[in-house]
Participant: 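Have a look at the structure that comes next, please.
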Amino acid sequence: MTVHQSISDEAKPAYNYAYLDEQTKRMIRRALLKAVAIPGYQVPFGSREMPLARGWGTGGIQVTAAIIGPDDTLKVIDQGADDTTNAVSIRRFFERTADARTTEATDEATIIQTRHRIPEAPLKAGQIMVYQVPQPEPLRKLEPHEAETRKMHAWAEYGLMQVKLYENIARFGEVTTTYDYPVMVNGRYVMAPSPIPKFDNPKMQMSPALQLFGAGREKRIYAVPPHTSVRSLDFEDHPFRIQSWEQPCALCGAADSYLDEVVIDDQGGRMFVCSDSHHCETRRAQGHRGTMLGDATASGLVEAKS
Amino acid sequence: MTLHVPPPETVLDPQPLLSVAKVSRFYGERIGCADVSFDLWPGEVLGIVGESGSGKSTLLRCLAGIDKPDQGEVLFRGGAEPLDIYSVAEQERRRLMRTAWGIVHQNPRDGLRMDVSAGGNVGERLMDNGARHYGRIRETALDWLQRVEIAGNRIDDRPRQFSGGMQQRLQIARVLVSEPKLVFMDEPTGGLDVSVQARLLDLLRVLVRDLGLAAIIVTHDLAVARLLTDRLMVMKDGRVVEQGLTDQVLDDPHHAYTQLLTSAVLTV
Amino acid sequence: MTTMIHVENVAKEFTLHNQGGVRLPVFGNVNFTVSAGEALVLAGASGAGKSSLLRILYGNYRPTSGSIAITHGGRPIDIVSAVPRTVLDIRRRTLGFVSQFLRVIPRVSALDIVRDPLLARGASPEEASERARTMLARLNLPQRLWDLAPATFSGGEQQRVNIARSFVDPSPIMLIDEPTASLDANNRNVVVKLIAEAREQGSAIVGIFHDEAVREAVATRYLDITDFRKAA
């Protein structure tokens with residue numbers, strides 16, 4: 001840590017605040033304003049080279065860099081966890097370049113940059129969600145031509161999207177898309193919610209927080225303003241449903257959170273735990289206990305499949 | 001003695017469904033089609049015949065809203081207001097093409113989504129137009145598959161598992177499901193075996209009559225034209241050289257080219 | 001009696017463009033009238049243009065000049081200058097053509113072929129089927145053939161299907177071209193009877209009959225077109 005600190009101190013003067021130059025931040029803010037004004041509409045922006053590869057969250061980082069200030073508190077989650085490599089690196093990046101306070105607590109954060117999850121704790125007014133988006137175009141797999149997908153958005157021609165859902169139901173009896181499940185924003189634009197599980201889709205609906213989406217490689221920004229309708233696409237007789245699990249979190253006992261399957265040995269043993277690590281810790285601190293923590297000898301409680 | 005014969009136009013529908021005025025399309029110096037004008041009334045089936053390169057497919061593309069003509073006007077009276085299809089916004093033209101119009105391509109691959117099931121192919125236009133009830137979409141798709149003689153248990157199969165004739169029938173169902181008023185067909189029986197052609201022709205004949213469709217059919221096969229069409233336009237070098245009632249044109253051709261065309265047909 | 005057909009100054013000439021533009025005059029200065037309830041039989045030697053005249057009346061051949069007023073829906077309409085959809089409407093409701101040949105449509109059964117004109121004129125499917133069956137029975141077409149497509153029928157069987165189709169609901173005007181050519185005496189008599197019934201119901205009939213006896217039985221009037229040929 002000491003080594004990092006010293007590099008950080010030396011490097012500081014070499015970079016502008018929050019890494020990007022002010023002109024770039026302005027450009028991104030203009031794109032953001034337009035995106036907020038037209039919920040769900042993909043605004044092109046001049047995506048910059050960042051000190052990490054495209055596809056690793058450069059879109060989200062640029063959005064965060066454009067909106068962050070010294071008073072902000074940043075939380076970064078990757079796969080729901082605050083302690084994974086990417087989350088730690090991005091947090092440190094803004095600690096060093098923007099003097100930002102960082103946190104793992106959802107309710108303390110003013111900006112939450114995320115990949116794959118929306119926190120379980122309800123979002124509040126004043127908070128900003130920043131999503132890292134690999135593929136902003138929900139129609140891309142159905143229609144390869146950009147010129148055509150733009151027309152489809154422009155005139156709200158979304159029958160083809162529905163055909164995809166139809167095909168799922170016809171083949172598997174249900175819509176099998178489990179993440180990046182397409183949504184209709186403000187009754188107008190079909191939008192890719194980024195690769196969050198469809199479990200999180202309902203959290204976007206009428207959220208009091210501002211939600212910003214950045215796709216660095218694809219050079220697109222879009223947004224959902226607070227209190228905006230975000231409906232998951234479905235059929236009248238096959239309504240949208242979120243995932244559910246047969247057991248609660250093995251650590252905190254939560255029955256209403258998104259669970260990750262974790263393999264714990266080479267005998268096929270597995271457990272299900274909250275993917276939102278902060279949520280899980282908070283509950284445990286409050287005294288909630290899952291099956292695995294109810295007993296000191298945890299391994300004895302986990303059934304091996306063999 | 002002179003008879004006072006009323007103009008026949010006043011007897012039937014007062015307005016044509018499609019009015020085509022002086023449509024021309026050029027490719028540089030070369031003429032795609034030139035100076036084509038005609039009216040098409042509801043329920044009428046017009047055939048466009050001519051050899052390869054005569055401009056019949058170019059004309060069809062101009063009429064169907066696919067390829068903007070360099071000159072001329074195509075006026076469609078399907079709704080409350082007559083629509084000049086090349087002066088309205090593209091959005092309106094696209095809407096027309098998934099509701100009141102249909103295009104049946106010669107190659108089913110151009111008109112079908114090969115990765116989407118038969119049911120999805122037929123249901124797409126319904127979903128385009130706002131249908132959001134899976135069960136009802138499927139029911140309608142099933143009904144249409146049966147009307148084009150595709151067994152209901154093939155509803156979840158993809159078109160690539162179908163024979164050429166079945167693909168073509170599926171394409172027809174996909175187009176007709178939105179109950180269009182006007183259908184464009186480009187060599188609908190081209191590339192099919194003779195026995196398969198016969199079945200398709202009969203199907204088309206019945207559907208066109210039962211649905212009261214107006215249709216414009218491009219074909220080089222005069223037997224197809226005789227079976228399916230009410231009227232015929234004969235094209236040569238991009239121009240219409242002769243037109244009239246189908247049996248008139250085929251049985252009593254006046255233009256040299258039409259005489260050549262009809263005399264070249266083998267009768268079986 | 002109502003005039004159903006009024007032919008005025010009709011001339012016909014074929015120009016064969018691909019054979020050096022040779023002109024083949026058929027006839028000229030054709031004038032005649034046919035009224036409801038009449039059966040006009042065209043006479044003249046073979047090749048005199050009887051069939052061509054019949055086709056002109058049907059709007060199938062286009063005359064080089066002249067007009068033909070067909071009484072359609074109570075009004076005379078010139079079929080020569082009428083637009084295609086009007087001609088089709090006239091054929092659908094007023095003008096029937098009985099030829100020697102049946103245009104076979106793949107896969108369509110004999111019964112469907114016969115009831116088709118009734119359906120086109122708005123009869124219920126049940127009524128149309130009933131009348132079609134009666135007509136096929138009268139023409140002695142074996143019942144086992146009714147639900148088959150006539151493509152494989154014999155010439156005489158196809159012809160009877162064709163006649164049944166034409167007479168199942170006789171048109172106000174019937175143009176008849178050699179309908180009895182390949183029929184046996186028994187069926188020929190049925191056809192003569194059908195024509196007579198149609199005429200008594202008020203149809204105007206113009207026909208060509210090769211068979212002398214049939215001609216005699218059918219005609220109320222003759223028209224020799226040999227004179228028109230000289231005028232060409």
Side-chain angles (χ1 to χ4, degrees), chain A residues 38 41 137-177 181-191 198 201 205 229-241, chain B residues 65-66 88-99 101-102 109-142 144-145 150 152-161 170 173-175 177-178 180:
Chain A
I38 317 171
Y41 171 73
E137 179 49 75
L139 302 168
R140 179 59 67 238
K141 276 189 189 154
L142 306 168
E143 170 54 61
H145 301 101
E146 175 70 17
E148 182 64 16
T149 54
R150 285 201 199 186
K151 284 179 183 175
M152 291 162 82
H153 283 297
W155 300 318
E157 296 175 357
Y158 293 131
L160 190 54
M161 192 84 242
Q162 213 69 27
V163 171
K164 189 192 164 196
L165 303 185
Y166 170 94
E167 288 293 287
N168 265 207
I169 298 173
R171 200 151 296 158
F172 306 110
E174 60 178 341
V175 176
T176 51
T177 305
Y181 189 106
V183 292
M184 170 69 80
V185 177
N186 200 24
R188 176 60 184 82
Y189 284 98
V190 165
M191 185 187 91
K198 67 176 178 179
N201 275 20
Q205 162 75 349
S229 152
V230 179
R231 307 272 322 200
S232 302
L233 299 182
D234 61 2
F235 285 99
E236 289 160 25
D237 49 343
H238 283 262
F240 173 79
R241 275 197 332 216
Chain B
I66 301 169
V88 296
E90 188 185 0
Q91 176 185 13
E92 186 68 5
R93 191 157 63 241
R94 285 166 71 106
R95 195 190 56 76
L96 195 67
M97 287 169 89
R98 30 169 228 275
T99 53
W101 285 24
R109 278 163 199 284
D110 297 335
L112 291 174
R113 292 191 189 278
M114 300 306 278
D115 293 327
V116 168
S117 69
N121 264 290
V122 177
E124 181 172 347
R125 272 183 166 229
L126 301 172
M127 291 181 251
D128 276 346
N129 298 324
R132 292 292 181 267
H133 190 285
Y134 176 84
R136 281 200 288 272
I137 292 167
R138 204 165 163 82
E139 212 170 286
T140 309
L142 206 56
W144 268 99
L145 289 179
I150 293 174
N153 62 12
R154 303 300 302 270
I155 188 168
D156 293 329
D157 291 345
R158 295 178 185 199
R160 48 177 101 261
Q161 294 162 273
L170 179 62
R174 173 180 158 90
V175 165
V177 68
S178 70

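Worth saying up front: this structure is predicted, and the values here are computed from it rather than measured. What you see below is based on every heavy atom in this structure, not just the backbone, and it leaves out hydrogens, waters and symmetry mates. Below, chain A is the first sequence line, B the second, and so on; all start at residue 1.
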Participant: With only heavy atoms counted, which part of Arg113(B) is less than 4.5 Å from chain A, the side chain, the backbone, both or neither?
Facilitator: side chain
Participant: Give the ring-plane orientation class for Tyr134(B) versus Tyr166(A), where under 30° counts as parallel, over 60° as perpendicular and anything between as tilted.
Facilitator: tilted
Participant: Look up atom CZ in Arg132(B) and atom CD in Glu236(A), then write down how far apart they are to the nearest 0.5 Å.
Facilitator: 9.0 Å
Participant: Based on non-hydrogen pairs under 4.5 Å, which of Gly135(B), Gly120(B), Gly123(B) is most in contact with chain A?
Facilitator: Gly120(B)
Participant: If you round to the nearest 0.5 Å, how far is CD1 of Ile169(A) from CZ of Arg138(B)?
Facilitator: 9.5 Å
Participant: Taking all non-hydrogen atoms of both residues, which atom of Ala170(A) and which atom of Asp156(B) are closest, and how far apart?
Facilitator: CB-OD1, 3.5 Å
Participant: With side chain to side chain contact (heavy atoms under 4.5 Å, CB included) as the test, pick out the partner of Met127(B) among Gln162(A), Met161(A), Lys164(A).
Facilitator: Gln162(A)
Participant: Would you say that Trp155(A) contacts Arg95(B) through its side chain, given a criterion of any heavy-atom pair below 4.5 Å between the two side chains?
Facilitator: no
Participant: Heavy-atom cut-off 4.5 Å, strictly under: side chain, backbone, both or neither for Leu126(B) against chain A?
Facilitator: neither
Participant: Under 4.5 Å from any heavy atom of chain B, what part of Leu165(A) do you find: side chain, backbone, both or neither?
Facilitator: neither
Participant: Over all heavy atoms of both residues, which pair between Glu167(A) and Asp115(B) is shortest? Give the atoms and the distance, please.
Facilitator: OE1-O, 4.2 Å
Participant: Minimum heavy-atom separation for Val116(B) and Val163(A), please, with both atom names.
Facilitator: CG1-CG1, 3.8 Å
Participant: Any salt bridge between Arg94(B) and Glu148(A), counting N to O under 4.0 Å?
Facilitator: yes
Participant: Take atom NE2 of His133(B) as the centre, draw a 6.0 Å sphere, and report whether it contains more than 12 heavy atoms from other residues, nucleotides or ligands.
Facilitator: yes
Participant: Please check if the number of heavy atoms outside Arg140(A) that lie under 6.0 Å from its CZ is greater than 12.
Facilitator: yes
